[in-house]
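A quick write-up on the structure given underneath.
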Amino acid sequence: MFTRNSAVKHSTFLLRGRKTGKEYLKETTLEWDGETVNTFGLNRYEYRTTFDFRALCKGENLPEDIYDLFLKLELHDYYEPKIVRVGRPAFKGRFLIKNTSYPSDDNISIINPYYTFKASNLSFEVYEYRKDTFDFLKSKLRFAWFHRVANKSKDVWIVGERPYKAQDTGYYFFKYMRENHPEKNVYYVIEEHSPERKNVEPLGNVITFKSKEHIWYSLISTKIISSHHPDYLYPVRTKRFQKAVKATKVFLQHGVMGTKNMVANYGKTADGFDTDLFMVSSDFEKRMIVNDFGYKPEEVFVTGLSRFDSLLKEDLPLKDQILIIPTWRDWITTDDSFMESDYYERYKELVFHPGLHSFAKEHGMETIFCLHPNMQNFTSYFSHAPITLINQGDVDVQRLLKESKLMITDYSSVGFDFSFLRKPIIYYQFDRPRFIGKRPSHLDLDNDLPGSIAFELDEVLHALTKYEKNQFKMLADHQKRSDQFIKYRDLQSSERIYSVIQEADVKTTVREKVAESPVYQMAFKKFRKSKYYFPTMKKFYSIARRILPTDDNLILFESGVGKQYADSPRYIYEEILKRGLPYKKVWVYNKSIPVTDESLIQVKRLSPQYYYYLAKSRFWINNQNFPTYIKKPKGTTYLQTWHGTPLKKMLFDIENIQGRSEGYLDRVHGATKQWDHLISPSPYASEAFRSAFRYTGDIMEVGYPRNDLFHHDNRFDIQTRVKRKLGLPQDKKVILYAPTFRDNETKGKNKFVFDIKMDLHRMQEQLGEDYIILLRMHVVISNKLRIPEELRSFVYNVSGYPEIQELSLISDVLITDYSSVMFDFANTGQPILFFTYDFDEYKNDIRGFYMDFEHEAPGPLLYDTDGLIDSLKRLDEVKAHYHKKYDEFQNKYCYLEDGNAASRVVDRLFDR
């Protein structure tokens, strides 16, 4: 544990129940780590304790709940105790901590350790059993293998959702089985006192969660069929019980995947999730599950969800009602966090808004606000709203969907269900960046979701009015989007699921079992971080490129060292895709690409798969270089698209190279000698490339494919989409500030820093009424921008946005310095200002230029904030003054940019 400058005076462990709120304290031992001396005096501690749960609870049972573990620290420089979550255990600790149990009177508490999927924090899942049931559990577990073999012919199927649920895909599939295959030994698992038990009891074969019957049938089952994690249906989720259950696991799903990245929950290697058969609703979703989640195609089946058989029946009349049904937020867990949340503020504003109520009254509509089960603890905060307030657990949600005319949701998968009914949806996504988080959506939300997207309340109200005028009909474009998420509308989804389960022959090789095991995953992560990984991969690649046969139909794409799905490689890829050319394609990308291409393979840069596909591919396409130790196989053609028209001198043309490690020049020159084709946007660029790289190979003067965007007919739609995606105000002009890096401002090891020299506070004061400014730092800048709170309505950091062409498209003016972005931006015809505060130093001492920059620049050279503000206030005058220079600049450097560069590249290399 690291406490920086704070010394720990006293520490205790704190166990806190999620439902009960009960807290238990346990003393712990801390040892000051001698490594502190080597970490500049920053304190490090090792901590350990032994939990005696019987003593902790004073001989009573630990109540059934999930308990999170914290350290409560008294620090020498804090008045109040500091509460710290215990998490991210060492490799050994994760696999050596075992479950335990202890008796109290006639009951037994089973304490099972597990780690949260999101942050790997340590928690304890506690089950209470009667002693006789616990003894039954132990005795049956001891000979589980024998019971399973002896009862295999009974072919027992266990079906369910969460232990307290019976109204989703588990329920509908069970209902189908009992009505159509009553001869099968199929059982539904649900808690004894669940209010939804009444849904399944009339069907028979219902077993009570944690009963002896439940234990027995789970151990001898051949199929576990669940809407969620299969082990939610186990009577206890200990590792021993999980290993004892050998049934085929079937994931029915409880909603269409895509809006939020759920790989950590349901991915092939997700900790705590295990399935053999994965049911989906469309070919589009299957591609997503295969490409992003890591499943094999033969493990994923397009059946439709079992609940669709009821959803799509036209058996309920449409009512005049609006359904507001948001999903939950995993960061809202307490009343305090709820009261302080945007979620509360925004939905309170919505359900109390006079505009909503006047609309409902005028059109005779009822407004229903349906909270997610995980948010029902906060129902009371909306109790005085003039709407009908209900919890999802209290009603049949599907009935609400079928009866409502219009839905307002946010990211909930019920939006897809509603869209399948051909009815309009408004997605109110005021907190999209936080909800989506660091893991990107599997979808292009603005173009794939089947409804209107609103970020502000007035947009919600505007969309309501629009749909009323359209008689609450779904827009044709939204219907088209919806159709890609559902393949079948024939009310036969459960029958298809049954056929898949009956016919499935699940076979997993020993190699696959090892590769998917948690031990292997953890061991590989340690190996990946070790000093042995790259020497091993280099050796593997060296052998693979010599012995593996080249696949003549395989193209490997990379952009921005695996950090981008962008730039010219993207536009070449999309042109190949548009033509339907018969190539297999591999994208090197460290995130995930929205699914559009069934054959696309995605790999992470520097992963073992990366080296394998480099060795196999017939074509490499990159806008930067591959690692300099990578040597091209004999049968491979390397297309280098580069990433900008050169203004500043490069490589061999620089007199004094700064900020680069020793041997940089030789390494990069070695990489450039492997290029077979180099794309150029102009004769000027071609001449600079020849000189800078000493390149003698083929140069394709065809224009930059990435700049095709500026000439496409749909560019105005892209402008709207990008602004919405970034959450930018629609009524402000946009300034894009995109400077290059400085070779002499470095932290070493090819890492550069950047200091913004303009006074953003003054710019906001002078320009904030009309403008916002987007900051787009160069990709090699390693220091993070920190925008003060008071500037955040004026300044937006878009450095993480991969496609700078799209940022240029939405901008009314560019501020740059010596960056090649000026050449691309000139395609827009919008004004360019040059903030060249260090012009003489950069020209004479850092890089120097290929062109007469002072004479040819299509905009003024400015040296301070006052100059920038003045030019921005007189932008029309500046534009008129530089009109002639701008035309000359475009004619010299952009004349090949006509929207067809990608087409010319594909014609020449790939469509012959």
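Residue indices begin at 1 and follow the sequence shown. The structure displayed is predicted, hence computed values, not measured ones.
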Please determine whether a side-chain nitrogen of the Lys or Arg among [X] and [Y] lies less than 4.0 Å from a carboxylate oxygen of the Asp or Glu.
X: K402; Y: D315; answer: yes
X: R422; Y: D483; answer: yes
X: R130; Y: D132; answer: yes
X: D309; Y: K313; answer: no

>> Is there a side chain to side chain contact (heavy atoms under 4.5 Å, CB included) between T49 and K26? Walk through the geometry before answering.
In response: CA-CA 8 Å; T49 195; K26 171 70 173 65; 3.1 Å; yes

Would [X] and [Y] count as a close aromatic pair, with their ring centres under 6.0 Å?
X: Y164; Y: H193; answer: no
X: F273; Y: F251; answer: yes
X: Y411; Y: F435; answer: yes

> Sequence neighbours excluded, which residues qualify as ring pair (Phe, Tyr, Trp, His ring centres under 6.0 Å) partners of Y295?
Replying inline: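 Testing Y295 for ring pair (Phe, Tyr, Trp, His ring centres under 6.0 Å), a comparison that skips the adjacent residues, returns F278.
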
>> Checking F378 now: which residues fulfil ring pair (Phe, Tyr, Trp, His ring centres under 6.0 Å) with it, not counting sequence neighbours?
In response: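 F378 satisfies ring pair (Phe, Tyr, Trp, His ring centres under 6.0 Å) with F338 once adjacent residues are dropped.
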
> Do F293 and Y266 pass the ring-ring contact (aromatic ring centres under 6.0 Å, His included) test, and can you show the C-alpha distance, the side-chain angles, and the key distance before you say yes or no?
Replying inline: CA-CA 7 Å; F293 288 66; Y266 302 116; 7.6 Å; no

Quick check against the 3.5 Å criterion: does [X] have a side-chain atom that pairs as donor or acceptor with the backbone of [Y]?
X: S109; Y: P103; result: no
X: Y188; Y: G204; result: no
X: T222; Y: V156; result: yes
X: S412; Y: T409; result: no
X: R439; Y: N261; result: no
X: T169; Y: S306; result: no
X: S211; Y: I207; result: no
X: R307; Y: G170; result: no
X: T238; Y: F241; result: yes
X: E161; Y: Y171; result: yes

> Can T208 and R197 be said to form a side-chain hydrogen bond (donor to acceptor under 3.5 Å, both in side chains), step by step?
Replying inline: CA-CA 10 Å; T208 299; R197 188 178 177 112; 3.2 Å; yes

> After noting the C-alpha distance and the side-chain angles of Y187 and H214, does the key distance pass the ring-ring contact (aromatic ring centres under 6.0 Å, His included) rule?
Replying inline: CA-CA 9 Å; Y187 299 89; H214 182 200; over 10 Å; no

>> Parallel, tilted or perpendicular: which one describes the rings of Y232 and H229, with boundaries at 30° and 60°?
In response: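 Rings of Y232 and H229: parallel, under 30°.
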
> Between Y498 and W157, how do the two ring planes meet: parallel, tilted or perpendicular, split at 30° and 60°?
Replying inline: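 Ring orientation, 0 to 90° scale: tilted.
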
> Near D105 CG, under 6.0 Å, is it more than 12 heavy atoms from other residues, nucleotides or ligands?
Replying inline: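 Result for CG/D105: open.
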
>> Atom CD of residue position E179 - does it have more than 12 heavy atoms of other residues, nucleotides or ligands inside 6.0 Å?
In response: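 Enclosed.
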
> Can you name the one residue among V159, V186, I501 that meets side-chain contact (heavy atoms from CB on, under 4.5 Å) with M177?
Replying inline: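 Checked V159, V186, I501 against M177; only one passes side-chain contact (heavy atoms from CB on, under 4.5 Å): V186.
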
Would [X] and [Y] count as a cation-pi pair here, with the cationic atom under 6.0 angstrom from the ring centre and within 45° of the axis?
X: R16; Y: F70; value: yes
X: K210; Y: Y127; value: no
X: R329; Y: Y343; value: no

> Among all residues two or more places apart in sequence or in another chain, which pass the side-chain hydrogen bond (donor to acceptor under 3.5 Å, both in side chains) test with T248?
Replying inline: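 Scan of T248 (side-chain hydrogen bond (donor to acceptor under 3.5 Å, both in side chains), adjacent residues dropped) gives none.
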
> What are the two closest heavy atoms between M375 and L371, and how far apart are they?
Replying inline: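 Nearest heavy atoms, M375 then L371: O-CD1, 4.1 Å.
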
>> How close do N205 and F174 get, counting heavy atoms only, and between which atoms?
In response: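 Closest approach of N205 to F174: O-CZ, 3.8 Å.
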
> Checking ring-ring contact (aromatic ring centres under 6.0 Å, His included) for the pair F416/F485: CA distance, chi angles, key distance, verdict?
Replying inline: CA-CA 8 Å; F416 291 113; F485 293 100; 4.6 Å; yes

Value rounded to 0.5 Å, distance of [atom1] in [X] from [atom2] in [Y]:
X: N199; Y: D396; atom1: CG; atom2: CG; answer: 7.5 Å
X: I111; Y: K98; atom1: CD1; atom2: NZ; answer: 16.0 Å
X: S281; Y: K487; atom1: OG; atom2: NZ; answer: 11.5 Å
X: K154; Y: K184; atom1: NZ; atom2: NZ; answer: 14.5 Å

>> Is there a side chain to side chain contact (heavy atoms under 4.5 Å, CB included) between V397 and Q167? Walk through the geometry before answering.
In response: CA-CA 8 Å; V397 173; Q167 65 160 273; 3.8 Å; yes

>> salt bridge (charged side-chain N to carboxylate O under 4.0 Å, His left out), that's the test. Do D68 and R85 meet it? Break it down for me.
In response: CA-CA 8 Å; D68 297 320; R85 189 76 163 88; 2.9 Å; yes

> How far apart are the C-alpha atoms of M257 and V280, what are their side-chain angles, what is the distance that settles it, and do they pass the side chain to side chain contact (heavy atoms under 4.5 Å, CB included) test?
Replying inline: CA-CA 8 Å; M257 290 281 189; V280 298; over 6 Å; no

> Can you list the steps and then say if I225 with I158 is a side chain to side chain contact (heavy atoms under 4.5 Å, CB included)?
Replying inline: CA-CA 6 Å; I225 305 165; I158 299 291; over 6 Å; no

> Which of these, K19, K239, R237, sits in a salt bridge (Lys or Arg N to Asp or Glu O under 4.0 Å) with E125?
Replying inline: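 For E125, the salt bridge (Lys or Arg N to Asp or Glu O under 4.0 Å) check succeeds only for R237.
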
> Where do S419 and S482 land on the side-chain hydrogen bond (donor to acceptor under 3.5 Å, both in side chains) test, with the steps shown first?
Replying inline: CA-CA 6 Å; S419 77; S482 172; 2.8 Å; yes

